[in-house]
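Report on one structure; see the data block that follows.
Here is how names work: the chains are called A, B, and so on, in the same order as the sequence lines, proteins then strands, and each is numbered from 1.
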Amino acid sequence: MSTINDTRPAEALRDGDLGAEQERADVKPLGGIAGWLDDRTGGAKPTSHFLKKVFPDHWSFMLGEIAMYSMIICLLTGVFLTFWYVPSMTQVVYDGSYVPLQGITVSDAYRSTLNISFDIRGGLLIRQIHHWGALIFVVSVFVHMTRVFFTGAFRKPREINWVLGTLLSMLACIEGFAGYSLPDDLLSGTGIRAMNGFVQSIPVVGSYVSYFIFGGAFPGEAIIPRLYSVHVLLLPAVLVGVFTAHILFVVIHKHTQFPGPGRTNNNVVGYPLMPVYMAKAGGFFFIVFGIIALVSAVVSINPIWGYGPYDPSPITAGSQPDWYMGFADGALRLLPGFLEFQTFGFTWSMNIFPGSILLLPLMWGIIGVYPFVESWVTGDKREHHLLDRPRNAPTRAGIGVAGITAYTVLLFASGNDLMAIKLQLSINDLTQLFRLLFFVGPVIAFWLTKRICLSLQRADRQKVLHGRETGTIWRYPDGRFEEIHAPLSPFERWALVQHESPEPLRISAEADENGVASPLARVERVRAKLSHFYFSDRVAPPTPSELEAAHHHGDEVDESHLLTGQHEAIDTSETSDSSSTPRETIKADRKRLT
Amino acid sequence: MSDIDTTRPESGSELAHHQEQSLDRFENPGLPPHIHRAADDDPAAGKRAEKQVATLFGLSMLATLVFMVAYFAIPDESTFYLPGVGLSKTQNVVLGLSMGFALFFIGIGAVHWAKTLMSDEEIVEERHPQRSDDRSRAAAVATVLDGGANAQLGRRPLILYSLTGALGLFALPFVLQIAGSLGPVNAPEELKENIWDLKNNDGKPIRLMRDPEMTPIKLSDVTNGSVFHVMPETLQKNIDENHGVLEAKAKAAVILIRLEPDLIKVQKQKDWGVDGVVAYSKICTHVGCAVGLYEQTTHHLLCPCHQSTFDLPDDCNVIFGPAKRPLPQLKITVDDAGYLVAPQGFMEPVGPSFWERSR
Ligand code: HEM
Ligand code: FES
């Protein structure tokens, strides 16, 4: 194995030949500037170390980059918008160049947004880039999150970064909502109105909180200026701070990598920051920015002049928030009205509160604690730097898809009116269907995903043991047809055989006897059950001796080393729980209780 | 396998894994041999790649130039028909496309450069366990403990307690300032107020006015099936003073509809209307959107926000959706001049629920 590390080690790159480098330190003008800086900072060593840092390559690692770049794009364009946007709800008469609204009383915020769109040259473009950037920011954060989830990149030592990421995704949604409200148009004003309803639904303190937020009765004149300082100062500062910590952790931990030949849990294989990643990542920033600008050039977004200024009385059909708030809107549509009730004359709005104020912390809370739950259930306290292929963690994949399914049902529910019109269905039926799907969908999705993962694992086994299909059909003298399978090279094979496939944890007999009453034993029993849930269905990775056996089998058929793989499903592949030996014994030690 | 998984720093846990390191596992074959690209060996291919990269950067410069010219050349009001998109603002499209391509070509050029000309040999960097060694850990703890001892924290508890108290309390003024100044504290009472209340009109009945024209409505104007969006006459005062208009509207919006009197199912509903003309609050009892959609055939009022559906002939009870309570009815009659008036305000708070609503 040592050969891996000897081939192209980064440390050797770093040590370098001092004599040769000494000459290069005098190169003009870089050497001079670098020398000046190093005299004052001592930064030469960390800098060169950093520039030689190795990053592994995979398309899915670019998702986080897209999120980072679109955030930067929002920061840049946002500063541009602040030069003309006026965060004020003072009512004024519109006198700008958009004819249909001339003479109408609007808020200063709305007027200034119209001015950015019609009277500031290029202003509309910047507004559209800002809004498209925001949408792509939130999408890429979510997709990045699913990548991290399904590959198990959140495992030790990266749990803190998972929590920071969870926080970032929540802040991104709130930041988006705050920004969306700023133009003070009819659509976003209706969103704020709904937000006021959510806040009022909080038991006991709702009325007061609403008055605090709005500085009095809804809508008041305070909400836009307050949302403005939240949107351009408070949240961007927190976002940038948390994001910086997030990236710092990536540097500290070094990036994870997918399993492959030469890649181990103890190394990182990839390209150095300088120059390859510098060019690729830097170039990618321009690509993301370029594509967002191209989209903003042709696809109009949030044309607020068409909605009109906010007024509590009129309304537009098909009122919907930006997509990332859709799931909460959907939850509100599904919660039945009978959940509101009164006790002692006080009103409990359980048709609103859980779907709005409670939903956000609940959803992100569940996401945030997942790594800790999984590591407790699996008892796995090791560091993991090699990613799981999603199929090799079927239960985790199932849980992830179940969660996404629940989220998607809520998201679709927020479009039930549009769907009813488009599909000519009754909105009542659709809503009932969504209510049902919210509970049934995740269960089906879990089961289906897990089955698919296990089948994929079995297919991997087949491929390792019987080779890859070549598409060539052989006809034997006895008239039989068979497809020729080519054996995998060790390099091709490695990614398919290197994973672990843990067996469920068991409670030891000792705990059963002594520990029945002890809470610890009970907790451990829950844990054993969960472990069973995670690992009882498993496909063991193929071993060399199995490959050997498969070879022999092939030899008998046709003397050649071409393997045949159509019959004989390897029945040892699925290890039933009852027959396997317990991998791990949990000791419910009563001494620890006292 | 065993070679690879040797880093298992944390083994102190009682649940440490002793996964049977079965010897029957495949060995990591190591990095596959590096395959050279065309430009690595062939100078002509390298030259070609260089030209391609330079062309991409050149295209970017060209796009920037287009942007500069378009910025001055295209008038603000010019529009054109963009196939597949519709009528578009010329300036926005041209500026956006040129800016987009200027950025895009820089990106593509850099990535192409990296892929064709920069070394694609993979480098291996070692990882080390995340945790520090035991001595460093112990030293860190010791430093903190020694520091505490040096400050005599343990020996002089008075300082510890008083410091904790001071640090705990000093945040209060900030909290108090924010909480005390953000908004008024008479929320529950104010939420129940409404400018339909006769006290806003010296106890006299309040006329129903068209929104937004603010003109009074004659009973005869309300033909069968017609829908009026209504505000109280008292709103005029807010409009004249340019004060609290939206706040008042947010609770005062009313919808006025004439139904066939036979359709009306509830006696109170009939009594509070005139010849089948009835007035209801337009503010949804769910979270407060305006219930603006009236279906003529079914006589349903629909809220576009979350589709709560109110059955008008049945006193606006909820027949579908997440709202619980019916829309409150406003009692109306006709005054001496023949205009519709409200002889009393709403008898319950309008709009979304809140904790103290029915107290
Ligand atoms: C980083 C995440 C950010 C997100 C997700 C975001 C999102 C949004 C959204 C969705 C809008 C509505 C735009 C519209 O359709 O008109 C908006 C408006 C606005 N944003 Fe941001 N924004 C972000 C950062 C910033 C920053 C850092 C600033 C200022 C330094 C800023 C300044 C503004 C201003 C002034 C407006 C109102 C102007 C207008 O509506 O045209 N934003 N933001
Ligand atoms: S606000 Fe009317 S249904 Fe939600």
Quick check for you: among [options], which has the greatest number of heavy-atom pairs under 4.5 Å with chain A?
options: B:Ala253, B:Pro352, B:Gly288, B:Ser88; value: B:Gly288
options: B:Gly86, B:Ala290, B:Ser98; value: B:Ala290
options: B:Glu77, B:Lys324, B:Met99; value: B:Lys324
options: B:Leu82, B:Val85, B:Ile106; value: B:Ile106
options: B:Ser60, B:Gly84, B:Ala179; value: B:Ala179
options: B:Asp120, B:Asn242, B:Asp211; value: B:Asp120

[X] portion near chain B, given a 4.5 angstrom heavy-atom threshold:
X: A:Pro541; value: side chain
X: A:Ile252; value: both
X: A:Leu124; value: both
X: A:Phe198; value: both
X: A:Pro157; value: side chain
X: A:Thr90; value: neither
X: A:Ser349; value: side chain

Requested in this report: Inspect the contact between A:Glu500 and B:Arg25 and indicate whether a charged nitrogen and a carboxylate oxygen are less than 4.0 angstrom apart.
Outcome: no
Query - Side-chain ion pair, A:Glu340 and B:Arg325, N-O less than 4.0 Å - result: yes
Say you draw a straight line from [atom1] of [X] to [atom2] of [Y]; how long is it, rounded to the nearest 0.5 Å?
X: A:Ile291; Y: B:Leu103; atom1: CD1; atom2: CG; answer: 10.5 Å
X: B:Asn92; Y: A:Ser300; atom1: CG; atom2: OG; answer: 8.5 Å
X: B:Phe26; Y: A:Arg493; atom1: CZ; atom2: CZ; answer: 4.5 Å
X: B:Ser181; Y: A:Phe212; atom1: OG; atom2: CZ; answer: 9.0 Å
X: A:Gln200; Y: B:Leu191; atom1: CD; atom2: CG; answer: 5.0 Å

Do [X] and [Y] come within less than 4.5 Å of each other through their side chains, counting heavy atoms only?
X: A:Thr347; Y: B:Ser358; answer: yes
X: B:Phe354; Y: A:Ile202; answer: no
X: A:Asp119; Y: B:Asp76; answer: no
X: A:Phe286; Y: B:Ile108; answer: no
X: A:Ser313; Y: B:Met231; answer: yes
X: A:Lys52; Y: B:Ile123; answer: no
X: B:Leu31; Y: A:Phe491; answer: no
X: A:Glu383; Y: B:Pro129; answer: yes

For the pair [X] (side chain) and [Y] (backbone), establish whether a donor and an acceptor sit closer than 3.5 Å, ignoring hydrogens and angles.
X: A:Asp311; Y: B:Leu246; value: no
X: A:Asn351; Y: B:Pro322; value: yes
X: A:Asn267; Y: B:Val124; value: no
X: B:Lys89; Y: A:Ser117; value: yes
X: A:Arg193; Y: B:Cys289; value: no
X: A:Arg333; Y: B:Cys305; value: yes
X: B:Glu125; Y: A:Val268; value: no

Regarding [X] and [Y], is there a side-chain donor-to-acceptor distance under 3.5 Å anywhere?
X: B:Glu356; Y: A:Ser207; answer: yes
X: A:Asp329; Y: B:His306; answer: yes
X: B:Gln307; Y: A:Thr431; answer: no

Winner by heavy-atom pair count (cut-off under 4.5 Å) against chain B, out of [options]:
options: A:Met278, A:Met89, A:Gln91, A:His253; answer: A:His253
options: A:Met195, A:Arg226, A:Glu221; answer: A:Arg226
options: A:Pro261, A:Gly283, A:Ala279, A:Gly197; answer: A:Pro261
options: A:Gly260, A:Gly206, A:Ser545; answer: A:Ser545
options: A:Gly345, A:Ala217, A:Ala281, A:Ala293; answer: A:Gly345
options: A:Asn416, A:Leu334, A:Val204; answer: A:Val204

Which portion of [X] sits near chain A, non-hydrogen atoms under 4.5 angstrom:
X: B:Ala250; result: both
X: B:Lys249; result: both
X: B:Ile74; result: backbone
X: B:Glu247; result: both

Requested in this report: Among residues two or more places apart or on two chains, list those pairs meeting salt bridge (Lys or Arg N to Asp or Glu O under 4.0 Å) that have a residue in residues 276-299 of chain A.
Outcome: A:Asp57-A:Lys280
Query raised in the report: If you look only at pairs with a residue in residues 90-124 of chain B, which of them pass as a ring-ring contact (aromatic ring centres under 6.0 Å, His included), with sequence neighbours excluded?
Result: B:Phe101-B:Phe105
Report task. Walk me through it: do A:Ile352 and B:Val287 pass the test side-chain contact (heavy atoms from CB on, under 4.5 Å)? Result -> CA-CA 8 Å; A:Ile352 303 169; B:Val287 292; 3.7 Å; yes
Would you find more than 12 non-hydrogen atoms of other residues, nucleotides or ligands less than 6.0 Å from [X] atom [atom1]?
X: B:Ile35; atom1: CD1; value: no
X: B:Lys115; atom1: NZ; value: no
X: B:Phe72; atom1: CZ; value: no

**Report entry** Aromatic ring pairing A:Trp348/B:Trp355, orientation class (parallel under 30°, perpendicular over 60°, tilted between)
**Finding:** perpendicular
**Report entry** Step-by-step salt bridge (Lys or Arg N to Asp or Glu O under 4.0 Å) determination, A:Lys254 to B:Glu126
**Finding:** CA-CA 10 Å; A:Lys254 302 191 173 118; B:Glu126 289 294 302; over 6 Å; no
